[in-house]
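First comes the structure, then the notes that go with it.
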Amino acid sequence: FKCDWSSDVCSSDLPVDVGTLPSVLSNIGFIWYLTAPASAMVNVVGGMIIGLPTLVGQQVKLNPNMSYMKATLKSLGEMKTVAAQIMRTGFQLESGARVKDYMLHFPSLTRSSELNAVDQAAYRLFVADGLIDITATYDQSGLASAPTESYTGTRHRIMQALAGLFHNAERFNREVMAMSAFRAAMEKRKGYEDRRKAFAESIAEAKDVTNRSMFDYSSMNKPRHFQHSVARVVLQFKQFPQQMTGFLVQNFLNMVKDTPPAVKREATARFVGTMGMAAIFSGVTGLWGFSTVAEIVNAVINGMDDDRDEPFDFELEFINWAHETFGDNVGTLISRGAGNAVGVDLASRVKLDGMWIPDQRNNQDEVEAWQSFIVSMLGPTVGLTVNVTQAMKLYNEGHTDRAIEMVSPAFVKQPLVAARYAREGVNTLAGDPLVSEVGPFDLFIQSLGLRPADIAERQYYNITKKGQEQAILKERQNLLNLYGLSFMSNDYDGAQKALDKMVKFNSKHPTVGIPVDSINRSVRERMTKSALADHGLYLDKRMRGLLNETYLDNAD
C-alpha cells in the first residue's frame with residue numbers, strides 16, 4: 001500500500017479484478033493458439049534452453065573453482081535425476097461420482113515416494129508458495145485471474161482440461177528447476193551446523209533460481225503496464241518476451257560490466273549458455289538479435305551494391321553457405337538447429353529471435369507490412385478476427401477445407417491440416433505441389449502441431465524468393481509510373497531521371513528490362529485512360545454498358 005498521510009488516503013498496487021470480458025478473450029486466445037500438443041512439447045524444450053544455463057550459473061556461483069564443463073555435467077545430472085523421479089509417478093485417473101468429476105493427474109513429485117524428508121518439506125513449501133503452480137499457462141489462458149467463485153464452473157473446468165497439457169509441461173519444468181536448485185544449494189551447505197539455516201537459505205536460493213529461469217507469473221509480479229484489462233488482452237502472449245528480454249539484458253550487462261567475479265561467472269554461464277542452447281535447438285538464425293543483424297547487412301549491401309541481379313537476403317545466403325560448406329545435414333544443424341536436422345521444425349517454435357515482432361511476409365508492400373505489424377501487436381484476439389476474414393475469403397474462393405482450418409482452434413486445426421496433407425499432399429492455393437508426398441512420421445508430427453522441417457524450409461524459400469521477385473517487379477512498375485507521370489505533366493527533368501534509372505535497371509535485370517516500346521505503350525495507356533475518365537472514373541470499356549451510370553448523369 002502507498003499512503004498520502006496528509007490526506008489519510010491509501011492506495012494499493014495489488015492487481016484488480018479485470019472483469020469477465022478480458023478473461024473470456026484470454027480463454028479464446030489461448031484455445032485458438034496454444035492447445036495443440038506441440039505447444040506443451042515445445043514448452044519442455046524451452047525450459048531446457050533457459051533452465052540448464054541458469055542451473056550452471058548457480059553451480060559456478062556456489063563453487064568458484066568449478067569449471068563450466070563440470071558445472072554443466074553436474075546440472076544435467078541433477079535435472080536428469082529429478083525428471084526421472086517425476087516421470088516414474090506416471091499418469092493417474094481419479095474417478096468421481098459423475099463423469100465430469102473424473103480427473104487426470106499428470107506425473108508430478110506430489111505423488112512421489114522417492115523424496116526424503118528434507119526434499120518433501122522443500123517441495124511442500126514450493127507448492128504452498130505458488131512456485132510450482134503459478135505458470136505462464138494459467139496467466140495466458142485467463143485461469144489465473146478468474147474469480148474464486150468460478151473455479152467449479154463448467155467454463156473453468158473446460159479451460160483447465162484444455163490447458164492441462166501445457167500447464168503440466170510447464171509444471172514439470174518448474175519442479176525440475178526447483179528441486180535441482182534446492183539440492184545443489186543444500187549440497188553446498190552440508191557443512192552448516194545449523195541445519196534450519198541451511199534449509200531456509202537453500203529454499204530461498206531455489207526459489208530465486210526457479211523464478212529467474214521459469215519466471216514469476218504471479219499477479220503481484222506482473223508489470224503495471226500489463227495490469228490493465230485492455231493490456232491483458234493485447235499483451236496476452238507478451239509477458240514471456242518481456243521476462244526473457246530482461247533475463248538476457250541483465251545477464252549480458254552483468255557479464256560485460258565490472259561486477260564481482262562470482263556475479264560475472266554466473267551471468268556468463270546464463271547468457272552464453274542460453275545463447276548456446278538456443279543455437280543447438282534453433283540454429284544460428286534463431287539467436288537473439290539475428291534478424292536485426294540481418295536487416296542491417298541487407299540494407300548496407302542492397303544500398304551499396306548496385307550491380308546485384310537480385311536483392312540480397314542475409315538469412316538465405318547464410319543458409320545456402322552452411323549447406324554448401326558442410327552438407328545438408330550439418331548445414332541444417334548449424335542454420336536451423338537439431339530439431340530441423342532430424343526433420344522436425346523446432347527452430348520456428350523455440351528461437352529467441354523475433355520474440356516481440358513476429359516474422360512478416362517478405363512479399364508484402366509497405367502498407368500491408370505495416371498493417372500486419374499493427375495487427376500482430378494488438379494481440380491474439382485481434383489476430384483471430386483477421387483469421388475469420390481470411391477464412392471467408394478462402395471459402396468464397398472454393399477452399400472450404402482451408403477456411404475451416406483457419407478458424408479452428410489449434411487442437412482441431414493441426415489434425416485437419418495433417419488430414420489434408422494425407423489426401424492431396426502439400427499444395428499451394430493454386431493447386432501446385434509444394435511437397436508431393438508426406439510420410440507417416442511427417443503426418444504424425446503435423447497432427448501434433450509441429451511442421452515437418454522440409455515443408456517449413458520449402459515455404460521459407462518460396463516466400464523469400466517470391467519477395468525478391470516482387471521487389472524487382474515493383475521497382476520496374478514504379479519506374480514506368482514515374483516516367484508516365486513526368487511525361488504527362490511536362491516535367492522533362494523528371495522524365496529524364498526516370499529514363500536514367502531505367503537504363504540502370506535494364507543493365508541489372510536484362511530479362512525483365514524496360515524496352516522503349518513498353519515505355520511508349522505505358523504512356524499511351526495512361527493518356528487513353530485519362531481521356532476516357534468521366535469525373536475521375538475510368539471503367540473498362542467492356543463493362544460500361546453493364547454498369548448503371550445514373551448518378552453521373554444526374555450530377556451533370
Side-chain angles (χ1 to χ4, degrees), residues 29-54 79 83 86-87 106-107 135-141 162-177 213-215 217 236-245 247-248 274-283 285-288 290 332-333 336-356 358-359 380 383 409-415 417-418 441-453 455-457 459-460:
F30 181 86
I31 291 171
W32 255 258
Y33 291 103
L34 292 179
T35 48
S39 297
M41 298 161 60
V42 169
N43 200 349
V44 175
V45 176
M48 184 73 174
I49 288 175
I50 187 174
L52 177 59
T54 306
M79 295 178 78
I86 295 172
M87 296 309 298
F106 286 77
T135 62
T137 308
Y138 273 24
D139 177 70
Q140 293 167 351
S141 64
L162 291 173
L165 197 59
F166 199 170
H167 169 70
N168 282 281
E170 190 173 359
R171 199 174 189 274
F172 170 85
N173 288 341
R174 300 179 82 87
E175 288 187 354
V176 170
M177 285 299 301
S213 56
M214 301 293 107
F215 307 131
Y217 289 100
Q236 182 178 0
F237 296 154
K238 296 302 184 184
Q239 192 169 357
F240 172 78
Q242 180 258 334
Q243 298 266 28
M244 192 66 191
T245 302
F247 174 87
L248 292 170
T274 301
M275 295 291 278
M277 292 292 290
I280 291 173
F281 286 101
S282 64
T285 59
L287 291 178
W288 184 47
F290 178 86
T332 301
L333 177 65
R336 296 300 196 197
N340 291 57
V342 298
V344 182
D345 179 31
L346 275 180
S348 63
R349 303 292 298 270
V350 301
K351 64 179 183 178
L352 297 179
D353 191 56
M355 291 185 293
W356 285 97
D359 294 336
F411 69 96
V412 175
K413 174 182 179 179
Q414 301 306 331
V417 173
F441 175 74
D442 288 346
L443 292 174
F444 173 68
I445 63 173
Q446 179 64 59
S447 68
L448 297 178
L450 289 168
R451 285 187 302 174
I455 296 176
E457 207 59 39
Q459 290 173 334
Y460 162 76

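Just so you know, these numbers use all the heavy atoms, side chains as well, and skip hydrogens, waters and symmetry mates.
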Which pair of non-hydrogen atoms, one from [X] and one from [Y], has the smallest distance, and what is that distance?
{"X": "Met48", "Y": "Met79", "value": "SD-CE, 3.8 Å"}
{"X": "Gly449", "Y": "Gln414", "value": "CA-CG, 3.4 Å"}
{"X": "Leu443", "Y": "Ala418", "value": "CD2-O, 3.4 Å"}
{"X": "Thr285", "Y": "Asp353", "value": "O-CB, 4.2 Å"}
{"X": "Val412", "Y": "Pro415", "value": "O-CD, 3.2 Å"}
{"X": "Val350", "Y": "Ser282", "value": "CG2-CB, 4.1 Å"}

Side-chain donor/acceptor of [X] to backbone N/O of [Y], under 3.5 Å:
{"X": "Arg174", "Y": "Thr135", "result": "no"}
{"X": "Ser447", "Y": "Phe444", "result": "yes"}
{"X": "Asn173", "Y": "Met214", "result": "no"}
{"X": "Asn43", "Y": "Ala169", "result": "no"}
{"X": "Lys351", "Y": "Ala278", "result": "no"}
{"X": "Asp345", "Y": "Leu450", "result": "no"}

What is the distance from atom [atom1] of [X] to atom [atom2] of [Y], rounded to the nearest 0.5 Å?
{"X": "Phe281", "Y": "Asn340", "atom1": "CZ", "atom2": "CG", "result": "12.0 Å"}
{"X": "His167", "Y": "Glu170", "atom1": "NE2", "atom2": "CD", "result": "8.0 Å"}
{"X": "Trp32", "Y": "Phe411", "atom1": "CH2", "atom2": "CZ", "result": "8.0 Å"}
{"X": "Leu165", "Y": "Thr35", "atom1": "CG", "atom2": "OG1", "result": "10.0 Å"}
{"X": "Ile445", "Y": "Ile455", "atom1": "CD1", "atom2": "CD1", "result": "8.0 Å"}
{"X": "Ile49", "Y": "Thr274", "atom1": "CD1", "atom2": "OG1", "result": "9.0 Å"}

Measure the acute angle between the ring planes of Phe30 and Phe166, then classify it against the limits of 30° and 60° as parallel, tilted or perpendicular.
parallel
Given side chains that start at C-beta, do those of Tyr460 and Glu457 come closer than 4.5 Å, heavy atoms only?
yes
Can you find a heavy atom in the side chain of Ser39 that is under 4.5 Å from one in the side chain of Arg349?
yes
Hey, mind stepping through Phe172 and Phe106 against side-chain contact (heavy atoms from CB on, under 4.5 Å) and telling me if it holds?
CA-CA 9 Å; Phe172 170 85; Phe106 286 77; over 6 Å; no
Verify side-chain contact (heavy atoms from CB on, under 4.5 Å) between Met244 and Ile50, making sure each step is shown before the conclusion.
CA-CA 9 Å; Met244 192 66 191; Ile50 187 174; 3.6 Å; yes
